[in-house]
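Below you'll find the structure, written out as structure tokens, and then a few comments.
Here is the naming used below: chain letters follow the sequence lines, and residue numbers restart at 1 for every chain.
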Amino acid sequence: MSSPASASEAVNFGLLHPKVRRWVWQQGWSELRDVQDAAIPAILSGDTDVLIGAATAAGKTEAAFLPICSKLADHSGPGIQALYVGPLKALINDQFRRTEELCEALEIRTHRWHGDVAGTRKQALLRDPSGILLITPESLEAMFVLRGTQIARLFAALQYVVVDELHSFLGTERGAQLLSQLHRLEIAIKRRVPRIGLSATLGDMSLAADQLRPDHGDRVTILESAASGQELRLQLRSYVDERPDTDEDASMAVRGIADHLFANLRGRTNLVFANARSRVELYAAELADRSLANGVPNEFHAHHGNLAKELREDVEAMLRDPTKPTTAVCTTTLEMGIDIGAIAQVAQIGPPPSVASLRQRLGRSGRRDEPAILRAYCATVAIDAETPLLDRLQLPLVQTIASIDLLLGRWCEPPEPSRLHLSTLIQQLLSLIAQHGGAKPAEAFRVLCGRGSPFSNVTTTQFAELLRTLGAKDVLTQAGDGTLLLSGRGEPAVNHYTFYAAFQTPEEYRIVHSGRQLGTMPIDFPLYEGLLLVFAGQRWRVVAVHEEDRVVQLTPSPGGKPPGLGESSGQVHEEVRARMRTLLEGDLSPAYLDQQSRALLEQARREYATLELDKCPVVADGSDTLLFPWTGDRRLHTLAAIFNASQMDTAVDDAALRLVGTSREAALTAVTTVAERPAPDPHALARKVEGKATEKFDSWLSDELLCDQYVSAHIDCVGAVESATRLKQAMTATDPP
DNA sequence: GACCTGCTGCGGGTTG
């Protein structure tokens with residue numbers, strides 16, 4: 001079965017070091033995968049960045065490390081030769097075990113460095129740097145801050161940088177931090193080092209390449225696996241609650257889903273993704289109850305970020321143990337490539353946050369020759385005369401189908417285009433000052449915002465304002481010769497260990513209604529007047545945000561849907577919404593729908609036609625009017641901001657815009673106005689948004705810079721006007737003036 | 001409008 005001869009048939013296999021080839025033979029591999037073979041000449045050449053896109057089990061790590069180790073086996077000397085950056089400590093531990101085996105045979109030393117690694121091991125590496133270093137961005141930041149003067153020496157011999165799970169960094173503060181660190185590293189050693197990015201879910205490889213090597217994406221070699229992945233078995237089942245406003249903990253739909261999971265998952269190792277921590281707890285408890293009632297050992301366990309580390313590790317160990325059938329009910333915690341063994345089935349309850357995350361989740365199942373199995377579930381309410389208009393359209397079900405269809409079509413969301421990450425620029429500026437004990441403004445701008453850095457879209461004007469604001473807030477001060485130094489607030493910030501992470505751990509806000517505190521919740525998204533949210537099982541509208549006291553005031557919202565259902569989440573991409581519209585206007589039912597889902601989809605289509613939404617996407621809902629632009633969340637929120645700015649009370653409501661207390665005629669006029677006027681000034685809109693300071697160092701930005709940052713991340717005026725124009729065209733086709 | 005990620009140096013105690 002595993003013949004050494006066929007491994008050598010691969011075109012480029014012979015280019016690997018003899019000892020690496022021997023190691024491959026010893027693994028009993030019958031052949032190299034396509035990306036593994038293609039990566040060999042690209043990486044060995046040492047003069048190009050490489051982006052490797054391939055499914056989870058396709059051996060991306062080996063694709064990077066077989067050629068890297070070949071190179072190091074011949075050219076290893078003192079100093080760190082290869083730097084691997086991973087997003088999770090657990091992932092680093094896994095990769096450390098895997099690479100160590102290969103590297104032992106080649107006499108290449110491997111080191112891991114993160115918060116759980118003993119100080120003595122770190123000291124040993126600093127004394128005698130060599131081989132391959134596996135590290136987190138946060139630990140790398142600590143190196144810059146605490147050992148700034150040693151950076152050039154430690155990395156003088158660096159030949160490769162590997163970024164694992166690249167998708168988890170792109171478009172985020174942490175990604176801007178990592179790319180800034182890599183840029184600073186190259187400046188310290190005065191040469192470019194090839195970067196190798198690994199991921200299964202990049203959506204658009206050339207957009208990802210532009211971010212892996214900012215300003216020079218065209219220099220990246222893109223390798224995408226042609227392997228179509230394994231066979232997929234798939235079913236979407238829907239469960240209906242007859243009585244929507246039940247006070248019971250678990251509704252009929254929840255019990256129906258739990259029954260089905262219990263009947264179909266026991267005896268094997270599975271993952272159930274339930275989207276929210278509260279749902280994870282609910283389903284884990286329901287499943288444990290069923291084990292008890294049936295007198296069988298419980299195989300179902302919760303896994304999410306608020307659980308103690310020990311509990312989570314217990315569950316992970318059970319998943320890895322092939323003798324112990326285990327199902328973990330989890331949030332995104334088990335989405336990424338930590339080794340948890342062979343997963344038989346993946347279940348998804350409710351719409352996935354994105355198509356990319358659904359693909360990532362599915363990638364956990366059906367390794368080797370087994371088919372991947374995806375069980376999708378949708379809980380919804382029965383429709384009667386009282387059901388609110390939006391619920392009649394079964395949007396969560398339609399979104400789930402749209403996401404699965406896009407997945408089957410091999411599409412997933414492209415990485416967010418690069419935006420301003422000014423909070424992280426502040427972190428990098430303070431880190432740079434700590435690294436060198438001070439920095440001249442022009443030099444700091446060149447290093448942090450020059451070509452090839454993730455901040456190259458920051459202008460000199462913006463940078464100057466940033467410095468002024470940091471001076472005014474006593475974060476920085478300037479010496480007589482102009483050198484920037486840390487001062488009153490900057491010094492303690494940098495000297496505390498919490499400085500090294502670029503991301504914010506969300507603060508808790510107090511949630512208040514008519515002077516009574518309803519509870520607290522972490523706020524990690526912009527809050528503004530008119531925003532709709534669900535809290536403590538009820539639907540609310542934000543009436544005020546007091547940032548200083550961390551208080552949010554709410555008032556009950558009219559026309560809401562039953563709490564806890566229709567959980568929408570994340571930033572829904574316009575491609576998903578476009579597919580939802582196509583589904584509602586079409587008449588084909590995907591083969592993977594069960595009978596109930598099929599009936600619900602047909603019912604939603606009848607409602608859609610009855611409301612004549614296919615003819616005019618503007619419809620009255622009581623005293624409100626709903627608009628259906630069928631576009632992504634960014635445009636929806638921009639449109640809402642534009643309407644709010646012209647004194648129309650507007651909120652994003654699932655896939656629709658709700659114009660509160662606005663007649664259909666007034667809404668039609670408002671849409672026409674937006675469509676016909678030039679696009680509004682994005683800054684003017686941003687100024688009206690409360691609570692823009694959501695990232696870690698945002699409180700040190702001026703209002704003007706906060707607006708710049710908010711516009712780059714959340715506002716799309718041109719797109720909003722385009723959506724309004726399409727709405728207007730659809731309206732005038734049916735409502736002649 | 002959900003979820004997740006990460007972290008130094010040192011002092012004090014215990015174990016081999």
* **Closest non-hydrogen atom pair between Ala655(A) and Pro629(A), with its separation** => O-CD, 4.2 Å
* Value in whole Å for how far the P atom of dG6(B) lies from CD of Gln181(A) -> 14 Å
* What nucleotide among dA2(B), dC3(B), dG6(B) has an atom nearest to a side-chain atom of Pro353(A)? -> dA2(B)
* Asked: Just how far, in rounded Å, is C1' of dT5(B) from CG of Leu334(A)?
  -> 14 Å
* To do: Only counting residues at least two apart or in another chain, list the ones meeting ring pair (Phe, Tyr, Trp, His ring centres under 6.0 Å) with Tyr283(A).
  => none
* Once you round it to whole Å, what is the distance between C1' of dT5(B) and CD of Gln177(A)? -> 11 Å
* So do Pro353(A) and Arg361(A) actually touch side chain to side chain, heavy atoms under 4.5 Å? -> yes
* To do: Let me know the distance between CE of Met143(A) and C1' of dG6(B), rounded to the nearest Å.
  => 16 Å
* Asked: When the distance from CD of Glu335(A) to C1' of dT5(B) is rounded to whole Å, what number comes out?
  -> 12 Å
* **Length of the CZ-C1' vector between Arg312(A) and dG6(B), whole Å** => 12 Å
Are there any protein N/O atoms within less than 3.5 Å of an N/O atom in nucleotides 7-11 of chain B, and if so, which ones and at what distance?
residue	atom	partner	partner atom	Å
dC7(B)	OP1	Gly115(A)	N	2.9
dC7(B)	OP1	Thr136(A)	OG1	2.8
dC7(B)	OP1	Ser139(A)	OG	2.7
dC7(B)	OP2	Gly115(A)	N	3.0
dC7(B)	O2	Tyr497(A)	O	2.5
dC7(B)	O2	Thr498(A)	N	3.3
dG9(B)	OP1	Arg147(A)	NH2	3.2

* **Value in whole Å for how far the C1' atom of dC4(B) lies from CD of Glu316(A)** => 13 Å
* dA2(B) P sits how many Å from Asp654(A) CG, rounded? -> 13 Å
* To do: Establish, with yes or no, whether the OP1 or OP2 oxygen of dC3(B) is under 4.0 angstrom from a side-chain nitrogen or oxygen of Arg277(A).
  => yes
* Would you mind checking if Asp116(A) and Lys89(A) are paired as a salt bridge, meaning a charged N to carboxylate O distance below 4.0 Å? => yes
* Is any side-chain heavy atom of Gln428(A) less than 4.5 Å from a side-chain heavy atom of Gln181(A)? -> yes
* To do: Test Arg658(A) against every option in Asp649(A), Thr650(A), Asp624(A) by the side chain to side chain donor-acceptor pair (under 3.5 Å) rule and name the one that passes.
  => Asp624(A)
